[in-house]
Amino acid sequence: MSVYLGVDIGTYESKGVLVDGHGAVLGSASRPHGLIVPQAGWAEHRAEEDWWEDFVWLARKLIAESGLASSEIKVIGTSAIGPCMLPVDADGAPLMNAVLYGVDTRASREIEDLTASISAETIFARCGNALTSQSVGPKILWLKRNRPNIYARVHKFLNSTSFLVHRLTGRFVTDHYTAANTSPLYLIDERRWSSALAPEITELDRLPELAWTTEIAGGVTPRAAERTGLLPGTPVIVGTIDAAAEAISVCVLDAGDMMLMYGSTIFTILIAQQRLKNERLWHAPWLFPGQEASMAGLATSGTLTHWFADRFARDLDAQSAMAALAEEAEASPPGGNGLLVLPYFSGERTPIHDPHAKGAILGLTLASTRADLYRALIEGIAFATNHIFETYAEADPPPGTIQAIGGGLRNRIWMQATSDVSGYAQVVRKVAIGAAYGDAFLAALAVGDVSREAIKTWNPADSRIEPDPANAALYRRRYDLFRAFYGRTKDLMAALDL
């Protein structure tokens, strides 16, 4: 029997899964870790403890509890949060905490400087993406300017997945989908690294090799095998960012297919026939040659619900607080009894790309309840998600039915509000494990054991969320107010940072 190991490292949790050739889950495990916020606008992970030690723990636990021999694992697939910036030395040892994706806005000055020196038009034309807090290039420049002693010791700049792959195989390599987030150092049409636009950032030999997601990066080294319990020589694929593996897990395969991931952040991926030239969206080669992908993401989503529970639901049991809050919110009507929330608690990514944006609540009265505020918070995230959908409006083809995935599937108010606000139906697949399951499938695909279409057999549709037309008019009015709320407070938010 062929068995495939998939491991994904998320913002707050790592997951692992063992899957057979028919898509059946033979074992699964998860392990939580924290998000480090040293100061406002920063977000970090510890690569050793949060990424590698989680992988080691998951691999050993899965092998031990499944009763399988490590020799039965045919190939390994990994994914992790991204895009990240992790400087490492020649041995691959981290030189500092990893700087995370777009929720970390420390490089705002570098974004402004690079955009001014290169020009926004040139960056977008050559790199396919405007420079935003999602871009890794400005974060490398931030390190060079602000931590010169660390920069001087850097051998490679890695992301989360490439760090894991190096630990497993000894090779410094990343996939094209991930690399496209390293603007302005990756040329989108040429599929290669280049320092032509910004030679001041770093030398190209400090960047990992480029490859496609399902290429084999190498085999598990004896040292990695000793730590993980895996068999030396077991093939490891190049892998990718977690959201891309998550999209594969829910059958996002063809042009017009879209994934909506309810995670620490909302993240969307739309497969397109050609590059969507919209500066508010992110673009990358898809996981396979000949396909394109267009992405968008909010800065805070699930992270915001965790924040709310930590601050305002300490009377609830920590293990069941989220479910209890959702149940409370059922008693508050759509519209949250007049409350309106801007969910920009860590700036905002798509589509406004405003690092100065702030969280805000409008409409509070002495009658407002926790349930009202929680519902309004969820609805604010749904409004921000709809802003993303509107940005995709001219896509060719436009988004079809949306494939939903992520921890937010457990929050029916959140899912229903998203459909009611946007008018889109959402399909929920039978297997909701997410990126780790996608990693296992990509691993099986890499060694030729399955076709791409086989994921539809592995993970058939299970349920469907339909928009409630009774709420359409209410949410349209409130969405217009949501957009106006940000527009009228944008300058005030920026002024708070002066």
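Ion pair Arg126/Asp189 not flagged as a salt bridge, since none of the NZ, NE, NH1 or NH2 atoms sits closer than 4.0 Å to an Asp/Glu carboxylate oxygen. In this structure, Asp8 does not pair ionically with Lys15, as no charged nitrogen and carboxylate oxygen lie closer than 4.0 Å. The pair Asp315-Arg370 meets the salt-bridge criterion, with a side-chain N (NZ, NE, NH1 or NH2) lying under 4.0 Å from an Asp/Glu carboxylate O. Looking at Arg223 and Glu226, no side-chain N of the basic residue comes within less than 4.0 Å of a carboxylate O on the acidic one, giving no salt bridge.
Val136 is not listed as a side-chain neighbour of Phe157, based on a closest heavy-atom distance of 4.5 Å or more.
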Name the atoms and distances for all side-chain donor-acceptor pairs under 3.5 Å in residues 279-286, with sequence neighbours left out.
from, atom 1, to, atom 2, distance (Å)
Trp282, NE1, Thr132, OG1, 3.3
His283, ND1, Ala293, O, 3.1
His283, NE2, Glu292, OE1, 2.7

With a 3.5 Å cut-off and sequence neighbours excluded, list the donor-acceptor pairs that the side chains of residues 435-442 form with protein atoms.
from, atom 1, to, atom 2, distance (Å)
Tyr437, OH, Gly23, O, 2.7
Tyr437, OH, Trp458, O, 3.2
Asp439, OD1, Ser79, OG, 3.1
Asp439, OD2, Ser79, N, 3.3
Asp439, OD2, Ser79, OG, 2.8

Atom pairs and distances, donor-acceptor, side-chain atoms in residues 301-311, under 3.5 Å, two or more places apart:
from, atom 1, to, atom 2, distance (Å)
Ser301, OG, Ile266, N, 2.8
Thr303, OG1, Ser264, O, 3.0
Thr305, OG1, Gly302, O, 2.7

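With sequence neighbours excluded, the residues forming a side-chain hydrogen bond (donor to acceptor under 3.5 Å, both in side chains) with His45 are Trp51, listed by chain and number. A search for side-chain hydrogen bond (donor to acceptor under 3.5 Å, both in side chains) contacts involving Arg192 returns Glu190, not counting sequence neighbours. Looking at residues two or more places apart in sequence or on another chain, you find a salt bridge (charged side-chain N to carboxylate O under 4.0 Å, His left out) between Glu110 and Arg145. With sequence neighbours left out, Asp205 forms a salt bridge (charged side-chain N to carboxylate O under 4.0 Å, His left out) with no residue at all. Residues that satisfy the side-chain hydrogen bond (donor to acceptor under 3.5 Å, both in side chains) test with Glu65, not counting sequence neighbours, are Lys61. The salt bridge (charged side-chain N to carboxylate O under 4.0 Å, His left out) test applied to Arg410 returns no partner, not counting sequence neighbours. Annotation: side chain to side chain contact (heavy atoms under 4.5 Å, CB included) contacts of Leu231 (sequence neighbours excluded): Ser70, Ser71, Thr234. Applying the side-chain hydrogen bond (donor to acceptor under 3.5 Å, both in side chains) rule to Glu48 yields the partners Arg167; only residues at least two apart in sequence or on another chain are considered.
Within 6.0 Å of NZ on Lys490 lie no more than 12 heavy atoms contributed by other residues, nucleotides or ligands.
Looking at Gln291 and Tyr177, their side chains never bring a donor and an acceptor atom within 3.5 Å of each other. No side-chain N or O of Ser249 forms a donor-acceptor pair with one of Asn459 less than 3.5 Å apart. Side chains of Tyr486 and Asp354: a donor-acceptor N/O pair is present below 3.5 angstrom, by distance only. Thr265 and Arg349 are linked by a side-chain donor-acceptor pair at a separation below 3.5 angstrom, with hydrogens and angles left out of the test. For the residue pair Tyr101/Ser133, the side-chain donor-acceptor check at 3.5 Å is not satisfied.
Side chain of His33 to main chain of Gly10: a donor-acceptor pair is present (N/O by atom type, distance under 3.5 Å, no hydrogens or angles). Side-chain atoms of Arg206 come within 3.5 Å of backbone N or O of Val154 as a donor-acceptor pair.
Sorted by first then second residue, the ring-ring contact (aromatic ring centres under 6.0 Å, His included) pairs that include residues 103-144, not counting sequence neighbours, are Trp42-Trp142.
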task: Tell me, with the steps shown, if Tyr262 and Asn411 meet side chain to side chain donor-acceptor pair (under 3.5 Å).
output: CA-CA 10 Å; Tyr262 292 87; Asn411 190 326; over 6 Å; no
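Here Arg375 contributes atom CZ and Ile378 contributes atom CD1; the two are 9.5 Å apart, rounded to the nearest 0.5 Å. To the nearest 0.5 Å, atoms CE (Met261) and OG1 (Thr268) are separated by 9.5 Å. Between atom CG of residue Leu35 and atom OH of residue Tyr12 there is a gap of 4.5 Å, rounded to the nearest 0.5 Å.
Taking the ring axis of Tyr186 as reference, the NZ or CZ atom of Arg191 does not stay both within 45° of it and closer than 6.0 Å to the ring centre.
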